[in-house]
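So the structure is just underneath, and the comments pick up after that.
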Amino acid sequence: MDNFVNVALPKGRLGEKVYDIFEKSGFECPSIREPNRKLIFENEEKKIRYFWVKPSDVAIYVERGAADIGVAGKDILLEYKPDVFELLDLDMGKCRMAVAAPKGFRDDRSRTLRVATKFSNIAADYYNSIGRDIDIIHLNGSIEIAPILGLSDVIVDIVETGATLKENDLEVLETIVPISARLISNKASFRFKSDMIEKIAGCIAEAIK
Ligand code: PRP
């Protein structure tokens, strides 16, 4: 273990905005702005190293200590319950986890509800909390087409602008939980690199105020 703080950033649009915040907070790494396909960048002077990973993998890197800190969506944290500390709500990447169905859908409670989703645990926890029997159909994407093709009755998915639902004649039935990006930390790192991690979290909290 070197004395760098290793930061897992979610590759993509959200990740760019997340890096902007780190930069604004004084933890810049200019080489990250260069047009190339490298995935790891470091600033020797600031002792910080960034790497781009798939957004849904950030929590795995942090939980296992390959990254000390990272930024992950609350959806991933609720779904996979990684053993990490949640340090900050970054108030970005905002959306909601919702139940949606074709317009006019009425739930027949005498039948098991078929729910298509990428977030099987969130869906199971939600329906368990309201005492509704469901059959989960786990999919990996394009969830919206499941009820259209009769594969499921409803979906549990992320809704941001609502455009995808609208364009597929679906509507939100229920919001399960609001989602946003969170700064997370590996538990051991938080102890052994506490000075630096607390400094980063503090500067970021200040920058997003
Ligand atoms: C997410 C989600 C919806 C869409 C919602 O998909 O699964 O399909 O965004 O956004 P909207 O309300 O602004 O239309 P994503 O693009 O992450 O891809 P996915 O098909 O892999 O889920």
Side-chain angles (χ1 to χ4, degrees), residues 7-22 32 37 39 50-63 67 69-82 84 86 88-105 107 113-130 132 134-184 208:
V7 187
L9 294 176
K11 207 173 169 185
R13 211 156 32 96
L14 174 67
E16 306 282 336
K17 285 195 210 148
V18 168
Y19 172 71
D20 289 345
I21 302 274
F22 275 83
I32 215 168
R37 298 188 60 84
L39 296 170
Y50 293 98
F51 37 91
W52 296 115
V53 306
K54 211 170 144 67
S56 50
D57 289 341
V58 168
I60 298 173
Y61 282 83
V62 174
E63 180 177 40
I69 58 175
V71 174
K74 184 70 180 176
D75 52 335
I76 299 297
L77 303 180
L78 290 170
E79 178 64 21
Y80 298 105
K81 301 188 171 71
V84 297
E86 200 180 302
L88 267 184
D89 183 344
L90 299 182
D91 202 38
M92 54 198 302
K94 286 166 98 169
C95 51
R96 56 188 168 140
M97 187 64 65
V99 181
K103 283 187 180 141
F105 169 80
D107 187 8
L113 186 71
R114 297 169 307 153
V115 182
T117 188
K118 238 180 355 186
F119 301 94
S120 296
N121 293 325
I122 293 177
D125 290 350
Y126 169 69
Y127 282 104
N128 190 33
S129 77
I130 60 168
R132 178 75 173 95
I134 60 165
D135 177 13
I136 290 188
I137 300 158
H138 188 90
L139 298 176
N140 297 299
S142 299
I143 316 298
E144 291 85 357
I145 65 171
I148 298 170
L149 299 181
L151 179 63
S152 74
D153 300 305
V154 302
I155 64 172
V156 166
D157 201 12
I158 283 171
V159 179
E160 191 181 348
T161 60
T164 310
L165 292 183
K166 196 160 172 241
E167 289 178 26
N168 289 289
D169 293 318
L170 304 172
E171 63 188 5
V172 169
L173 295 183
E174 206 74 57
T175 292
I176 298 177
V177 65
I179 303 292
S180 58
R182 309 295 162 105
L183 179 67
I184 58 174
I208 59 176

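Counting convention: from 1, in listed order, for ligands and their atoms alike.
- The neighbour count for K94 NZ, taken as heavy atoms of other residues, nucleotides or ligands under 6.0 Å away, does not exceed 12.
- With a 4.5 Å cut-off on side-chain heavy atoms, E171 and L165 do not count as touching.
- Sorted by chain then number, the residues whose non-hydrogen atoms approach ligand 1 to under 4.0 Å are K118, G141, S142, E144, D157, I158, V159, E160, T161, G162, A163, T164.
- Judged by distance alone, with hydrogens and angles left aside, the side-chain atoms of E160 form no donor-acceptor pair with the main-chain N or O of R96 at under 3.5 Å.
- Between the side chains of S180 and D89, at least one donor N or O lies within less than 3.5 Å of an accepting N or O.
- Relative orientation of the Y50 and Y19 rings is perpendicular, given thresholds of 30° and 60° on the angle between their planes.
- Atom CG of D153 and atom CG of D107 lie 7.5 Å apart (nearest 0.5 Å).
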